[in-house]
Structure formats: structure tokens, C-alpha cells
Number of protein chains: 2
Amino acid sequence: MSTTTRTAAADLTLDTSAVADLIDGRWGEYRREVRDVLLDDRLRRTEGLDVDAHRARVLEQARQLVEIGVVNRAFPERLGGGQDPGGNLAGFEELVVADPSLQIKCGVQWGLFGAAILHLGTDSHHDRFLPGAMSLDVPGCFAMTETGHGSDVAAIGTTATYDPATQEFEIHTPFRGAWKDYIGNAADHGTAAVVFAQLITGGVNHGVHAFYVPIREAQADGTAGPFLTGVTGEDDGIKGGLNGVDNGRLAFDHVRVPRENLLNRYGDVAADGTYSSPIESPGRRFFTMLGTLVQGRVSLGGSAVVVAKMALATAIRYGNERRQFAGADSDTETVLLDYQQHQRRLLPLLARVYAAQFMHNQLGQRFHEVFSGDHDNDGDREDLETLAAASKPLSTWLAMDTIQTSREACGGAGYLAENKFVTWHQDMDVYTTFEGDNHVLLQLVGKRLLTDYGREMATMDVGGAVRWVADRAVDMTLHRTPLRRAAQSIQDWGSRARSAGELRDADVQRELLEDRVESMVEEIALALRAAKDAPQDVAHALFNSHQHDLIEAARAHGELLQWEAFTEAVESVADPDTRKVLTWLRDLFGLVTIEKNLSWYLINGRISAQRARTVTSYINRLLPRLRAHALGLVEAFGYTDKHIGAVIGTGVEAQRQREAQDHLRRRRAAGDEPVSEKDLKKKSTA
Amino acid sequence: MSTTTRTAAADLTLDTSAVADLIDGRWGEYRREVRDVLLDDRLRRTEGLDVDAHRARVLEQARQLVEIGVVNRAFPERLGGGQDPGGNLAGFEELVVADPSLQIKCGVQWGLFGAAILHLGTDSHHDRFLPGAMSLDVPGCFAMTETGHGSDVAAIGTTATYDPATQEFEIHTPFRGAWKDYIGNAADHGTAAVVFAQLITGGVNHGVHAFYVPIREAQADGTAGPFLTGVTGEDDGIKGGLNGVDNGRLAFDHVRVPRENLLNRYGDVAADGTYSSPIESPGRRFFTMLGTLVQGRVSLGGSAVVVAKMALATAIRYGNERRQFAGADSDTETVLLDYQQHQRRLLPLLARVYAAQFMHNQLGQRFHEVFSGDHDNDGDREDLETLAAASKPLSTWLAMDTIQTSREACGGAGYLAENKFVTWHQDMDVYTTFEGDNHVLLQLVGKRLLTDYGREMATMDVGGAVRWVADRAVDMTLHRTPLRRAAQSIQDWGSRARSAGELRDADVQRELLEDRVESMVEEIALALRAAKDAPQDVAHALFNSHQHDLIEAARAHGELLQWEAFTEAVESVADPDTRKVLTWLRDLFGLVTIEKNLSWYLINGRISAQRARTVTSYINRLLPRLRAHALGLVEAFGYTDKHIGAVIGTGVEAQRQREAQDHLRRRRAAGDEPVSEKDLKKKSTA
């Protein structure tokens, strides 16, 4: 039976170009354009450069990108930009194809430094500071993180105290932990910085605001000179990767900047020191300001998916050529990708990468709508931030898993720098903790889920509340007691095939994934009710005792969004063969997600033991079907071996095997092939 | 209640020095001696060296180790060695403390090149070749792996054809895929190699044998000169890590060596070309030869645990100091390790590292017994190889997980080279695929489990068989049908505390872990029965369709062995407090292992849904108890901040925080601390 299925699977024709369009999304054409621009040798990574040489090369490459014109698409048209936030992001994400260091160098310059001026500043700042940022005449830092405070930005120690006498802010680093740290462009190239500091005027701390602060002399030749008076710094030294970016530390000793260097879109100080803001609540003001900088999170998740695609394409291409250990026909060794375990290692990652990509496409779309002003109210921004906070952890961890599994699946060859995996891993590693630590982001998502749950409860009218309680009672009966289990046992006592058929049903998958998120959030919300009127330490301990569950709920929410995005994408496919293959891949994603949490479904009575067995057996049936299309599914990513640059992805292994086979054939033909002792012994005993 | 428990936990006194003795095991004193030798600056890794400089430095360091006298402990006393295989291994494992490149350089020279001469050669080889290997006057290669064949050594393409006319072997590389690859000492330093090749004499291929082959001229100053005639090579170039080892490729064009260069312990060729061997079966001969080289697998798993210990010690020390986000008392930020999620990330790894260590200690003991000749029959060797094949994958993957989680748990600081995680990850990465790909090794273990199961079945007398079937029938009733579940539901309907009490019971944990291995193996064995009389392709497909399950069964077997070793170690502890803390840690290991496979236990009716919930809740109760002893538990590893060398492990973070607090205290005392806008607003609305 499995043979029939496989032949049937192989008979389907995957329309890789249609799939490619789906993957590359709304800005697909531009993505491909940028990808091809990056085939230029001058823009590509050179292995083995020391830190200084790598930094210098990346700066030079960034300057070339300015000339080519692919980095200023987000900025205002009146200043020579493209005013196209979504397109800009898509192009930016592709820059990892050349070298993640180049991407992050560009991210620091235009996605952080430039974007902070754009979003936190007003017209005069745009006029004064954007041209230098856009042209890279002024390499700039985004000086937010401090040694003592990473994810908790609100608690940074740097101060900006207003002095009405001189109409200046005094930027100051009061202690060692308040040094700005891990700041790109800080070690070598930056001549200015957007510095985040506690704004103090008239003895009141109005919270974190951003200031434009020159930090180094700009030399005549465009390079950075020594630090300006009062500014000091340190080099962060060698890092796990991204060594083409000059990260460093900055400290300010009573450094003065004019009042007008406060980027004042969300908070201003008048000449006499009076503070004003369009946003009354300091908390909301802070989150609004940070929210304008969401593009980092959005785009880093997207780039992580790009790298995951390149890694997987390489491992699958190699796994489709590489042979090891004699197979059924003892003369021919088995292709790695024909081993069940190899399929188990790589194909679920393929499904997860597709899912992450489709969710990311929706996120990019949402980002564009908000930042182009098409859909830009508070709710839109809040939704975008939550989506980004859910997507970035999942995508960046997925990239790490994918790169590492791909590297191991290619054995010793995977460990050579020429095959790319190892440097990708080194570079992408920090994506999991910068621009918001992944766990902190998931906790944000979890809190949002709890808030929404609370709102839903709060806004229900009485009739609604009664209905809700009634529904819940039914749920309790069905899910939490043996009754439901007994009912399922009978229902599932049929053939395994029928149960599998049910799990293949998209609505069943959706219900299982949705149900888990909702039930987890509900359970946590109910458990936390006690915190409402408790003393702070008790409330804190109670929340802490559910932190792990809350983060798991957020992860489940993210996976549900990925599944929904995948399903929506599949539903847009017209070609029946292509749709079928993508449906299998979506099923694989749904089922490995359910399998991972199978004990939850069993404990909570959502799946019977009998049906649970079919999850794994259906996965095992999907693997060989998808294996038949694995090459096509990675071809659709649109990264040729030239984009990727990994030697083992170029067919060298197949070539070596042909050579080995030719050699054996020639010897056999010549009759001088030695007999094996083993065969002789077999014959003598036969 | 949780507060009481925690206070109680903190009140226990952990005897860290007793725990340290338990961890360091039989050769503890020597381990500590080597660890301290490695505090010498000349032996420690320097970050940022380029490949050439790193290689040269590591060679120089290896020479220093010869002088210090810590690398030849395994060799015969008559040649100046220590004839202490177990002690040698323990010391070798500690070398990663200096630099994993140095360890692998030494592993290549003494653990592979030297060990092959020792174990595959006979007295005359020892006399001729060991002195040069031991003194490092002859840096040597272990030329086994080929570009085309890694884990499948039996299929290598290099030939050694005997020519009776000259009484020489002709070593030859017949095609590109047969080049020796990833060979340490091949790129730069090696002047000789033990080359593995198919031994052909009189037209018969007797399978893989090892030959001593000079490859480069030895210069007068002790350095390697150009390749000898017929030998060519390539540099493997930059790798993901271990760049202090000069890996490269070697090829042989009809290179001739004297007949006496065959390392002939397990197979010899007489002057006239007649082949002879003490082992009749070519298959068993091959595995016996490879089996003598098991020390690589044993020791690499052990070194992986060493690195995991250093990574975890660093992350836990930092997590115990670093604060982030205001806690219950809004003036003080919460220490990372007090967050439930942070405990969830690090403490199960701590339990797993202890478990891996204790299993590894037993493995080292077993290794010593076999190679000292104390317990050295075929069965002993087979057991040792299976143990090593189970331990190495678990330990090396655990090291990767531990390093990566530790690095992420330390945020941006974790990404700086000065804090070690990133280079550890880079270096340890290849441990998962060299000396036997982890998945291939686990499959070996799985096959051994199947063989043992088959033997057990085969040797049962009729009475036994009947009893076995009867037992099975009972099992089926209890485990596979709703009856058992119904019974359990009633039994478990009591308080959650009672169920947790049961899972805390060591016998219950053991039974659950054992039962899973046995049942999985049994299920696979029954499914594979059909393969016995099937055509080869059908049998192959059937086996392949259970490959993933078999590998999972092998993993479960390894985890059971770890749990048993942990339990045995705990039982040897006399001090009641220490024993209690270690019992909690062992429970945590048992429970996270059960939790990971909870769906299996539920599907197969071993644990009721009700009891399954208590697995996670008991883990959540163990975490704060163990958190109270986390520092002591990593102190017992015996790696001070000087051994480890990570800046964030030295208390700098606590120092920075004291400084910040002093600053705030001074300002408050001086009365010039600004009021926060938030507090002002709260007051005005109050």
C-alpha cells in the first residue's frame, strides 16, 4: 500500500513557480531583485576575515547598497526615499543572503538609527538628520540597551536632564551598568547616536525619550574620528557571530546637546522646561514610542526564515544525493533522504518553515498597512506588535533548529565553513535574544491573551455571561470528565484509517489548535483570579508559578496563527496537484504541532488514546509522499546554489558518486575486481 | 505552602565536596590535577587567532603536555606509559577545559593515531612506531573517514594491494570520493598516518585493515616537510569550530609500504601473500578491530559533559546575580533564577548533566575493566560498545542544548566571546557527528536491543514461552484496554498529592522508564517479524518504516541507564541533607524524562490522565527547592571561574548592581532624585 501511495504522490506535478509566488508574497518581485543584486561578489561574505577586515568590508558593502539604491525605500519621498515600508522590509530581509553581518549593519543604520529619527522625530529632525543617515555619511548608533538593562528598557539608567539656562539636555551615564552596550556602529564607525535616556525636567522624570547625540568627530574623508568630549566607549570584542558589525559600549559624562535634539514626536520640552506630550499616560506613551520601532522584530523574524530556507534547501539537496549504507539492492547504497529518520528530521522542519513564512507574509502586510497609514489606529498597532512578538520568537528559534539539524544531517561536510551552516548558526544565534528576548516577547503575547480574555469576560452582557457559563459547563462535561472519554472510545473504536481521516480534516486540526490556546489561557486566567485582591508579593508569586504555562500558551497561539496563515495560503492555490502537495505539508505542520503537545490533548480529554496513535502514523504516511516533492518544495524558495553558496548544494556529491560507480564498473568489466572474503565464505558454506 | 517548602529546602546543607567526589568519580584526584595544570596561561585558548596561528599554538601546547606528562598514561609501561586506560581517559576529557581544539589535537595524536598502533599493531609496531607517536616527534593522522564514506567504514574505497614480488602493500585512492577527509594533522603537521584500506591479496578482498604510512618528510627541526611521493592532500579550510586542529584530505597514488607496516593484530599477510586472521568471520573481525578504538566515543561523550558543566555553572552563577524587571517589591528587580521560566530552562538541564555524568562514570569504569584486561571477553567488549554508543549521542546533544540554552539565558552577554558559550558551541558541534554519527550510533543500540530481545525469545524453553505469553496477555489486558484505564481512573481519583507521591517513588520511576523501553522494543520486534521471510526490498522497507521508533527506543534505553546510574550514585550518599537534594535532582531527571514522553504513557495506558497532570505539577514543586541549591550543585562540578574563564561568571554583574544601588541610595539621601511623572499622576488621581 505504501508503494502505491508513494507512486501516486510522485505522479503529482508541483507548480514550483506558483508556490514561489505564494512564498515570496506581495513584494516577491522586489525580493527576487534584491536577491539577485546580492550575487555580486563584492557584496558576498568572505570567510576567514579577521574582525577588523570584516568590519571594514561590511561598511564598504553598505555604502555600495546605498549606491545601488536598495536601502532607503522606507524613508519619505521628499528626501529621496520610497515611502514603501512593506517593500523596504521585504528587501531588507533578503540582505542576509549576502551576509547576516551586512544585514545587521544596514539594520542598525536604517532600521534603527534612521527609523528612530523618522518615527520619533518630527519634520525638522527629518530635514536635519535623515539625509546623513540615508546616505551613510553619518553612520549612526541606536543607543538603547544598557549593560544592566536589556529587555526592560523602561528601567535604563542613562539620564537626559534639561537645563533651561542653556536650553540644553545633559546626557549622563550615572553608573557602570548604565553604559550603552551591544550597540552597532559604536565600536568603530558611528559618528552620531540616537540615545535613549530618562528625560528629566523641573525635577520630574518623564520616562524614556530619544535624543540625537553626535559622538565622534567626522573626518574629512568620511570616516569616524576620535570621540567627542565627554563620550567614551569600549569595543564589545569578538562575538559568537556577526563579527562584521562593530558592536560596542558608550558612556556619556555630562554631554550637552541642544534642546532641539530631543526627538519630540511623542514628548517635548519647551524652552522654559515645561514638558508636554500628545499622550497623557506615561505608560502608554512609552509603549507607543517603542511600538514605532517594531520593524526590527518584524524583519528579523523574516530574515531568520530566509536563512532557514537556505539551510533546508542545502540539506535536502544534499540528502537527495548522498548515499550511505547498502540498501535493499545490496549493490546500491541508500540515498539519505529515503531513510525514514532523515525524513523525520528534515520534512517537519520544511513544513514549519512554510508555516512561518506564510505567517510572516501576513505580518509584513499588516506592518505595511500600519506604517503606510492605511490601517493605523491604536488597535492596529497593538495587534501588529502582538503578532510581531509572537512571530519573531517562533521564526528565530525555528531558524536555529533548522540550521543545526541541517548541519548534522550533512555530517562532517556540514561542519565545513564552505557549506555555510556553521556561520549561519553563529550569526543567527543572537536573533533569538536581540530586539526583545524571545521569552520576554512570548510573555508579552501571553499577557495580551490574558487581557483579551479578561476584556471578553468584562464586556459580556448578562445574557452573554449566562450563555458563556452554560457553554463552559458543556465543555467541562465533554472535556474534563470520563463521559467524554468514554464517548470517544466508542467513536474511535473503528479502523485507524477513519481516525486518521479525521485528523486530516482541516477543521479538526484548527479546532484542536484553537481549543488548546483558549483552554490554556482560560485555565491560567482562572488560576490568577486569586491574585486580584492579594498583597503584591503573593500576586507576584502566583503569577510566577504560571509563567511557564503562560509562555507555552503564547507559543501555542503563535503556532495557531502559523497554521491559519498556511491554510489561507493553501486555499488560494488553484492547481489541484500543487494544492494537494501543499495540503499534505500543511497537515504535516498541523500534526507535528499536535504530536508535540499530544499529552495535553490526552490529559484534557480532547483526543482519545486510540486516535492519538493515528497522529504519528499519519505523519509517517505523509513523510514519503512529501519526500517525493522535497526538491520541488525547496526549489520554490527561490534560492539557487549561487545565492546560497554552499559547495555541497551544487551537485558535487552526485558527481563523486558517478565517478566511484564508473570506477567499479570499469574494474568489473576488466575482470580485475577482487572477490570479497565474505562472498567466498558464503559460497563455501552454501 | 510553597514558601514553607522553599524555606525547608534552603535549610538543607549540601555537602558540595562529597558531591564533587561523586561527580569526579574513580579518577577524581587525577581529573582535578589535570584541570589545575590547565590554568597555565600558555595552555589556554586565545580568542581571535587566525587559523594558522591557532593551529601553531595548539601544536605547541600539545608538546607542552608531553613535557608535563599528562598524555601518555594509556601506553605500555615498558615504553614509558602508565598502562592506565581509565585514568588516561579521565585526564583526556578534562583537556577541553583549556581549549577543545587542544583536546582534539591530542585525541588525534594519542587517542586515534597512537591508540590504533597500540591496539591494532603488535609488539614490533609498538617498538617501532609508539615512541614517535608518544613524544609527538611523529605527528600522526588517523586516516579512516573518506569523503564518500563516514559512518559506513566497511564501504571505504581506499585499497591496499599486496605485491608478493616486493613484499609491499600498495596503498591507492581509486576515485575522488575515496579521499581521506576531515583528518586531523593531515593539513599541516602530520608526517605519518594510520591508513584504513581494503586489504587485497591474491585477488581476494579481506576487508578493512590498518597500515602505517609515512606521508610527509620530517624536517630536521621536527616540523613536517612536503608530501612524500604519491601522497597528495588538501586543507579542509575553516570549520565551524576546532580551528586549532589542521583537518585535511589525503589521497594515495600507488604508494608502497613494506609488508610489516600492516598493523597485524587481527589479520596478517605472509610473505607469499597468504592471508591469516585469529578471527574467522570477516564481519566479526571488522567489528572487533573497530571496537578496539571505542575510546574516542567514550571520551568524547565525557568531554561533552565537562563543557556542559562549565556552561551551566556560568549561566547559573549569572542567573543568580542578574536582575531584570521589578518584582514583588517594586524597588528591587527580580533575580533571573527566581523566575519560574528561568528555572524551567536551566534546572532540568542540571539534572540531565548530573545523570549523564553518573552514566559516564560507569562507562569509564567499564572501559577501564576491558582495556586493563580485568574483564575482557567478547561480551564485555560488546556491552562496552553498546554503552558507549548509547552514551555519546545523549551526552553530546545534551552539551549542545546546555550550551545554547545557557547562552540564551545570558542574553547579549552570552553572545560575547569573552563569556565562552559561543566558542564552546562552535567547537562541540561536531562532537554530535564525528566518531560515529549520533543517529547511526543510536540505531546500533536499537539493533542490539532487538538482538537481545530475539535471544531472550529464542532461548526460552517451552514452559518459559508459555509463561511469557501468559504474562503478555495480562499486560495486554492491563495496558491496552479501557479496563486498565477505568481501574486507574478510580485509583487516581484521590488527591493530587497522593499521585505525586507515587511518581516521587524511585521504583515507580524505574518501572515507567523500563517499561517504555521494553514495550517499544517488543512492539518493533513484533512488527518486524514479517521481515524474516520477506524478499529483501520488502524487509528493507519494513525496517525503514520503524527506523524512527527504533532510534527512539535506543534513546529511551540510554535515558534509563542514566537514571539508573544517577540512582546508584544517590544511594551511595550517606549525608541525609545531601542525599535529599540529590534525590530531588534525580526525581527531576526522572520526571522531565517521563514528561517528555508523557503521551506515550497515556496512549499505552501506563499513566492515567489524572496522574499525568501531577508529573508537571511535581516538577514545578521541585524547581524552587532545587533553585535553593543550584549554586552548590554547580560548585560541586569543581570548575572555578578561573578554569572556565567566562567574565560574567566572576561576579562582575553583582558588582555593577551594587554600584547602581549605591548611586540611587546616594541621590535619595541627597534629596535630588527626580520624581517620576507616573508617581505624580498616581498621587493626583488618588
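A, B, ... follow the sequence lines: proteins, then strands. Residue 1 opens every chain. Atom set for the values below is all heavy atoms of this structure, side chains included, hydrogens, waters and symmetry mates excluded.
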Engineer: So do B/Asp50 and A/Asp50 actually touch side chain to side chain, heavy atoms under 4.5 Å?
Structural biologist: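 Heavy-atom side-chain distance check fails, nothing below 4.5 Å.
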Engineer: Tell me, side chain or backbone of A/Thr147 under 4.5 Å from chain B's heavy atoms, or both, or neither?
Structural biologist: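 The answer is both parts of A/Thr147.
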Engineer: Pick from A/Ser281, A/Gly177, A/Gly241: which one has the most heavy-atom pairs with chain B under 4.5 Å?
Structural biologist: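 Between A/Ser281, A/Gly177, A/Gly241, the count favours A/Gly241.
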Engineer: Who among A/Arg344, A/Glu653, A/Arg667, A/Arg656 has the most heavy-atom pairs with chain B under 4.5 Å?
Structural biologist: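 Ranked by heavy-atom pairs under 4.5 Å with chain B, first place is A/Arg344.
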Engineer: Should A/Phe325 and B/Val440 count as side-chain neighbours, where that means a heavy-atom distance under 4.5 Å?
Structural biologist: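 SC-SC contact between A/Phe325 and B/Val440 confirmed.
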Engineer: Only pairs of heavy atoms separated by less than 4.5 Å count here; which of B/Lys678, B/Gln324, B/Gln443 has the most with chain A?
Structural biologist: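 Highest number of pairs under 4.5 Å: B/Gln324.
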Engineer: Do A/Lys681 side-chain atoms and B/Glu280 backbone N/O form a donor-acceptor pair below 3.5 Å?
Structural biologist: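 Pair found, side chain donor or acceptor close to backbone of B/Glu280.
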Engineer: Measure A/Ile200 against the heavy atoms of chain B and call it side chain, backbone, both or neither at under 4.5 Å.
Structural biologist: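 Only the side chain of A/Ile200 comes within 4.5 Å of chain B.
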Engineer: Select, from A/Gly414, A/Pro174, A/Pro535, the one with the greatest count of heavy-atom pairs under 4.5 Å involving chain B.
Structural biologist: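 Top option by heavy-atom pairs under 4.5 Å: A/Pro174.
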Engineer: Given a strict heavy-atom distance threshold of 4.5 Å, which part of A/Leu242 is in contact with chain B: side chain, backbone, both, or neither?
Structural biologist: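 Both backbone and side chain.
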Engineer: Based on non-hydrogen pairs under 4.5 Å, which of A/Ser676, A/Ala155, A/Pro674, A/Gly283 is most in contact with chain B?
Structural biologist: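 Maximum pair count with chain B is reached by A/Pro674.
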Engineer: Could you tell me which portion of A/His663 (side chain, backbone, both or neither) has an atom closer than 4.5 angstrom to a non-hydrogen atom of chain B?
Structural biologist: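 The answer is the side chain of A/His663.
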Engineer: Between B/Gln404 and A/Asp429, is a side chain to side chain donor-acceptor pair (under 3.5 Å) present by the stated rule, with each step listed?
Structural biologist: CA-CA 9 Å; B/Gln404 187 62 29; A/Asp429 182 358; 2.9 Å; yes
Engineer: To the nearest 0.5 Å, what is the distance between CG (B/Asp549) and CG (A/Asn620)?
Structural biologist: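 Answer for the CG-CG pair, B/Asp549 versus A/Asn620, is 7.0 Å.
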Engineer: A/Ile603 vs B/Leu598, test: side-chain contact (heavy atoms from CB on, under 4.5 Å). Steps then yes/no.
Structural biologist: CA-CA 9 Å; A/Ile603 287 175; B/Leu598 202 50; 3.9 Å; yes
Engineer: Out of A/Arg407, A/His206, A/Arg345, which one racks up the most heavy-atom pairs below 4.5 Å with chain B?
Structural biologist: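 Most heavy-atom pairs within the cutoff with chain B belong to A/Arg407.
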Engineer: Given B/Glu418 and A/Asp236, is the side-chain contact (heavy atoms from CB on, under 4.5 Å) satisfied, shown in steps?
Structural biologist: CA-CA 9 Å; B/Glu418 65 176 34; A/Asp236 272 324; over 6 Å; no
Engineer: Is A/Glu677 salt-bridged to B/Arg285, cutoff N-O under 4.0 Å?
Structural biologist: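 Yes.
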Engineer: Do B/His439 and A/Glu408 have side-chain N/O donor and acceptor atoms under 3.5 Å apart?
Structural biologist: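 Per modelled atom types, B/His439 and A/Glu408 side chains form no pair under 3.5 Å.
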Engineer: Taking the side chain from A/Glu659 and the backbone from B/Arg176, do they hold a donor-acceptor pair closer than 3.5 Å?
Structural biologist: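 A pair under 3.5 Å: yes.
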Engineer: Could you go through the ring pair (Phe, Tyr, Trp, His ring centres under 6.0 Å) check for B/His425 and A/His425 one step at a time?
Structural biologist: CA-CA 10 Å; B/His425 193 283; A/His425 193 284; 4.4 Å; yes
Engineer: Side chain, backbone, both or neither: which part of A/Trp397 has an atom under 4.5 Å from a heavy atom of chain B?
Structural biologist: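 Answer is side chain: those atoms of A/Trp397 sit under 4.5 Å from chain B.
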Engineer: A/Tyr182 and B/Leu416: side-chain contact (heavy atoms from CB on, under 4.5 Å), yes or no, with the steps?
Structural biologist: CA-CA 9 Å; A/Tyr182 319 116; B/Leu416 302 185; 3.9 Å; yes
Engineer: If we count only N and O atoms by modelled type, under 3.5 Å, do the side chains of B/His548 and A/Gln341 hold a donor and an acceptor together?
Structural biologist: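 Side-chain D/A pair, B/His548 to A/Gln341: present.
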Engineer: With a 4.5 angstrom heavy-atom cut-off, could you sort out which part of A/Val675 is near chain B: side chain, backbone, both or neither?
Structural biologist: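 Contact with chain B: backbone and side chain both.
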Engineer: Take A/Gln343 and B/Asn544 through the side-chain contact (heavy atoms from CB on, under 4.5 Å) test and state the conclusion after the steps.
Structural biologist: CA-CA 11 Å; A/Gln343 294 170 8; B/Asn544 195 35; 5.5 Å; no
Engineer: Quick one: of A/Gly202, A/Ala154, A/Gly48, A/Ala413, who has the most non-hydrogen atom pairs under 4.5 Å with chain B?
Structural biologist: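 The candidate making the most pairs under 4.5 Å is A/Ala413.
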Engineer: For the pair A/Gln426 (side chain) and B/Gly240 (backbone), establish whether a donor and an acceptor sit closer than 3.5 Å, ignoring hydrogens and angles.
Structural biologist: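 Such a contact is found between A/Gln426 side chain and B/Gly240 backbone.
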Engineer: Report which part of B/Gln655 has an atom under 4.5 Å of a heavy atom belonging to chain A: side chain, backbone, both, or neither.
Structural biologist: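 Contact with chain A is absent: no heavy atom of B/Gln655 under 4.5 Å.
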Engineer: Short question: side chain of B/Asp437, backbone of A/Gly411 - any donor-acceptor pair under 3.5 Å?
Structural biologist: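 Checked: no pair found.
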Engineer: Could you go through the side chain to side chain donor-acceptor pair (under 3.5 Å) check for B/Gln547 and A/His342 one step at a time?
Structural biologist: CA-CA 10 Å; B/Gln547 190 190 24; A/His342 216 73; over 6 Å; no
Engineer: Closer than 3.5 angstrom, by distance alone: can the side chain of B/Lys239 be matched with the main-chain N or O of A/Gly412 as a donor-acceptor pair?
Structural biologist: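 Checked: no pair found.
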Engineer: For A/Thr159, which atoms come within 4.5 Å of any heavy atom of chain B: side chain, backbone, both, or neither?
Structural biologist: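 Interface part for A/Thr159: neither.
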